[in-house]
**Student:** 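This is the structure I have questions about; it appears just below.
This is a predicted model, so every value here is computed, not measured.
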Amino acid sequence: MLYRARLPKPLQEVPKQPPPQLIFFTRRSTSSSSLLSIPPSKTANQRDHQTIHFTDCHPYSRSPYTIPTPIDHNLFHGSNLFSRIRLPTHRLSEVRRLHALLIVGGFLHSTTATDTTFGSQLVHAYVKFGDLVEALYVFHKLPRKSNIAWNAILRGLVNAGQFSEAIEFYHLMLTQRVVPDNFTYPLILKACSGISALEYGKEVVESIRFNETYCATKPNIYVECAIIDMFAKCGSLDQARMIFENMPRKDLASWTAMIRGIVRDGDSLDALRLFRIMRSEEGIQPDSAIVAAVLPACGRLEARQLGMTLQGCAIRSGFEVDLYVSNALVDMYCKCADTWAAYQIFSNIAYKDCASWSTLIAGYAQKCQYRHCVELYIEMKSSGIRTTAVTAASVLPGFAKLKLLKQGKEMHNYILKQGFESDIVLASALVDMYANCGSKREAKHIFENMSHRDIMIWNSIIGAHASDKDFDSPFRIFRRLWHSGLKPNSITLMSILPVCTKMGTIKQGREIHGYAVRSSLETVISVGNSLLDMYCKCGYLELGVKVFDHMLEKNIVTYNTIISAHGIHGQAWQAFSFFHKMKLENIRPNRVTFVGLLSACSHACLVDGGWSLYSSMIDDYHLLPDMEHYSCMVDLLSRAGRLDDACNFINMMPVEPDINVFGSLLSACRAYKKVVLADLVGGKLLEKQLKDSGYHILLSNIYASIDRWEDASKVRTMMKEKGLIKKPGRSWIQIGGWVHIFHARDTMHPVFNKIQETLESLLFEMKNEGYILDPSFCAQNLVDVDIGDELMNLHKS
């Protein structure tokens, strides 16, 4: 704030300057209080020898700053006053005192070279202390403006993030015939990169080369680094690399700019290669800036060991406390799925900024630790940190997976209040949140109201409908996406392929596979895994194996998918063969791998092989079994008819068996007609207050198969008392471009009568082939007894 002073008449009668040509900010109102107070009764001669008091404008400061008059001009020369305000202990109030001194001395309106320097340095001082409004006001009042003043305002605009205004100000500078210098160019290039103004940046570079050729103004290394950084941030990495390679001398800043650009472009391997060359061949030691730039590359490649090496380098060099390095370490460990190590780094940050909190929140969400994600966000809010768009996008997956619809709606409301609703990432996260919480209408409303839809939000709405039972909607949206002119990416294919899997629509799956090949998306490992899963689950195991063989890169998900697929198809030995290949490629099996292997043994009745794998999982790979592994072992023993061994295994389990463990045993009781054991297991199941009617119906059918109708009726009555209803069976078939869906006992299909005639014809053919209907698997299902009777009567006829 600039304060008016009651000045002597010769100083008050300074002619007013014309209004500035370019005003970026509104001038703040001036206060009526005075910095300079002179009693009116004093004569001019007396005033020449009095002491003038410059009261600090800060409301809590009362100590006067005094200088004798007449003012000694030598006081402003050299490094007396302007060097003092560079000290960290000085504040904006010191700059305001200096401003008042310059006004009193008449320096701001003088056109001499020395006095022009004073005004320019004052502008620079205001910018340094963050008061851009006062800096602009003083700047426009200067009769002559040096490069120092122009560069100071340009720096202030860039530091404030006003990149478009900075470019406009630079253009004004050129129209005033001010020649930019090596302090100007890094600032304007940073402004160009801030808004990705590549074409304007190229014009600036051409101006630099022109001045170098015709004006002998050679750009220094800071300018060259700024050019590299501008090209890299604007997506022109080839030009950045060309500038970098042609530099006669490369310092640490140039290496940092180039490596940071490569990391931003996504080529993490090349970034690490360049970092190695910098250290080993050039002998340049890293600083905090380049360590913070390289760590994201380690995270993307999950190169945890290299990240730990860089952490050690930071500790030895003493910049492990640097906030940017600490945040980069948190991000690296999160991307390497080590959220515990990330939390240790996070806990040791003395002054956490919003990026610190957001990085760890996002890390928890990526690791599916959604409760930790939400709890950390609550802690962040209680610490007074403001929620940004990045933070909101990071915590919304936690609200989605935990079904916290109320908190999700509160976040949506906050996003609208802050004006973040046009953010594509946030809109996609909101669509996912509402879809996961079962509010498809709100998800669709957000999608339809987006003025600009990129591929990310299309992927979100496809994923929202893919989880629904309405299988036609994802394909309908996919067709809309195709007609919109956008090209599906790998995430799109990963969202739509599971729908093909659920519906068994191999035709659409193969068409999507063809698009993946044409667009080179087949090489993306996640797309290859989705294609492999689709073919295997649709029953085309040989096509799945072909996809597997053509994959250039395979991970643990690839092998788990192919092993599980062969196990389900009863090809246990082939599953073991893929397990052996997996070990040869040094891919360590996880719990999911052993679930697939044990399931393969179960379907093939390989009891000894199953026991061997179960022991190897514990002893060789140090993986503790969970409930899925226990269920697989019980199923393995039960399918082999070793029900006593299955019971003993259940009794020796260190945890309470869940319904799937008992369910595997109950299914075997029906197959082997072990009614006594079925009574015992059924009682255990019914004690667990099941919400699924499936096991109730299974137990009822077991009783009905041995004519224990009263017990069967009791189970059915219990189902009614619990409000359990058997979910009707459903099937579908695709003919042409139409999907026909059928529900049990549904007679509403347009060609139902023709379907019935075909079914009867097939049943007669089955009878002629010698098929004998097993009534225990048909007529005893009391819910569908009339359908069972029809089949029995048809069979007897």
**Student:** Can a donor-acceptor pair be found, under 3.5 Å and without considering hydrogens, that links the side chain of Y126 to the backbone of V138?
**Tutor:** no
**Student:** If I compare all heavy atoms of A253 with all of C225, which pair ends up nearest, and what's the gap?
**Tutor:** C-SG, 3.6 Å
**Student:** Would you please indicate yes or no on a ring centroid separation below 6.0 angstrom for F169 and F139?
**Tutor:** yes
**Student:** Using the side chain to side chain contact (heavy atoms under 4.5 Å, CB included) rule, take I227 and L189 through it: C-alpha gap first, then chi angles, then the decisive distance, then the call.
**Tutor:** CA-CA 7 Å; I227 295 173; L189 288 168; 3.6 Å; yes
**Student:** Measure across A232 and A240 and return the closest heavy-atom pair with its distance rounded to 0.1 Å.
**Tutor:** N-CB, 3.9 Å
**Student:** Please tell me if the side chains of I290 and I259 come closer than 4.5 Å, counting only heavy atoms from C-beta onward.
**Tutor:** yes
**Student:** Is there a side-chain contact between P180 and L174, using heavy atoms and a 4.5 Å cut-off?
**Tutor:** yes
**Student:** Would you indicate whether the side-chain heavy atoms of I188 and M173 approach each other to under 4.5 Å?
**Tutor:** no
**Student:** Are the side chain of S358 and the backbone of A355 linked by a donor-acceptor contact shorter than 3.5 Å?
**Tutor:** no
**Student:** Could you check whether any side-chain N or O of S326 sits under 3.5 Å from a backbone N or O of E320, counting only pairs where one atom can act as donor and the other as acceptor?
**Tutor:** yes
**Student:** Salt-bridge test for R209 and E212: reply yes if a basic N is under 4.0 Å from a carboxylate O, no otherwise.
**Tutor:** yes
**Student:** Looking at every non-hydrogen atom in both residues, tell me the closest pair between M332 and G299 and how far apart they are.
**Tutor:** CG-N, 3.8 Å
**Student:** Taking C-beta and beyond as the side chain, do E421 and L430 meet within less than 4.5 Å on heavy atoms?
**Tutor:** no
**Student:** What's the shortest heavy-atom distance between N147 and V179, and which atoms?
**Tutor:** ND2-O, 2.9 Å
**Student:** Can you confirm whether or not the ring centre of F244 sits under 6.0 Å from the ring centre of W255?
**Tutor:** yes
**Student:** What do the steps show when you test K128 against E134 for salt bridge (Lys or Arg N to Asp or Glu O under 4.0 Å), and what is the final call?
**Tutor:** CA-CA 11 Å; K128 174 189 171 184; E134 289 296 340; over 6 Å; no
**Student:** Let's go through M380 and V395 carefully: what are the C-alpha distance in whole Å and the side-chain angles of both, what is the deciding distance for side chain to side chain contact (heavy atoms under 4.5 Å, CB included) to 0.1 Å, and is it a yes or a no?
**Tutor:** CA-CA 11 Å; M380 186 198 85; V395 76; over 6 Å; no
**Student:** Are any of the side-chain heavy atoms of L198 and F231 separated by less than 4.5 Å?
**Tutor:** yes
**Student:** Using the side chain to side chain contact (heavy atoms under 4.5 Å, CB included) definition, which of the options I349, V330, D331, I345 pairs with L360?
**Tutor:** V330
**Student:** Return yes if some donor-acceptor pair links the side-chain N/O of D287 with the main-chain N/O of A289 below 3.5 Å, else return no.
**Tutor:** yes
**Student:** Working to the nearest 0.5 Å, report the span between CG of D267 and CG of L237.
**Tutor:** 8.0 Å
**Student:** For K352, does the NZ atom have more than 12 heavy-atom neighbours from other residues, nucleotides or ligands under 6.0 Å away?
**Tutor:** yes
**Student:** What are the two closest non-hydrogen atoms of A271 and A297, and how far apart are they?
**Tutor:** CB-CB, 4.4 Å
**Student:** Has Y200 got more than 12 heavy atoms of other residues, nucleotides or ligands less than 6.0 Å from its OH?
**Tutor:** yes
**Student:** Atom CG in L323, atom OG in S356: separation rounded to 0.5 Å?
**Tutor:** 4.5 Å
**Student:** Search all heavy atoms of S422 against all heavy atoms of M450 and return the closest pair with its distance.
**Tutor:** O-CE, 4.1 Å
**Student:** State whether the side chain of N159 and the backbone N or O of G130 hold a donor-acceptor pair below 3.5 Å, judged by distance alone.
**Tutor:** no
**Student:** I'd like to know if the side chain of S428 reaches the main chain of I424, judged simply by a donor and an acceptor atom lying under 3.5 Å from each other, with no hydrogens or angles considered.
**Tutor:** yes
**Student:** Rounded to the nearest 0.5 Å, how far does CG of L142 lie from CH2 of W150?
**Tutor:** 10.5 Å
**Student:** Do the non-hydrogen side-chain atoms of I378 and K381 ever get within less than 4.5 Å of each other?
**Tutor:** no
**Student:** Can you measure from CG (L329) to CG (L295) and round to the nearest 0.5 angstrom?
**Tutor:** 5.0 Å
**Student:** Walk me through whether E224 and I243 qualify under side chain to side chain contact (heavy atoms under 4.5 Å, CB included).
**Tutor:** CA-CA 7 Å; E224 299 289 352; I243 300 291; 3.6 Å; yes
**Student:** Roughly how far, to the nearest 0.5 Å, is the OG atom of S383 from the CD atom of E379?
**Tutor:** 7.0 Å
**Student:** What about the rings of F346 and W357, do their centers lie closer together than 6.0 Å?
**Tutor:** yes
**Student:** Let me see the working for R241 and D270 under salt bridge (Lys or Arg N to Asp or Glu O under 4.0 Å), right down to the final yes or no.
**Tutor:** CA-CA 12 Å; R241 197 184 296 272; D270 192 37; 3.1 Å; yes
**Student:** Decide if atom CG of N413 counts as having more than 12 heavy atoms of other residues, nucleotides or ligands within a radius under 6.0 Å.
**Tutor:** yes
**Student:** Between the side chains of S394 and T391, does any donor sit under 3.5 Å from an acceptor?
**Tutor:** no
**Student:** Do the side chains of Y324 and F319 get nearer than 4.5 Å, heavy atoms only?
**Tutor:** no
**Student:** Any chance you could lay out the side chain to side chain contact (heavy atoms under 4.5 Å, CB included) test for Q285 and R279, step after step, and finish with the verdict?
**Tutor:** CA-CA 6 Å; Q285 292 301 313; R279 295 196 65 185; 4.0 Å; yes
**Student:** Report the distance from atom CE of M258 to atom CG of D229, rounding to the nearest 0.5 Å.
**Tutor:** 10.0 Å
**Student:** Would you mind reporting whether Q418 and T387 have side-chain heavy atoms less than 4.5 Å apart?
**Tutor:** no
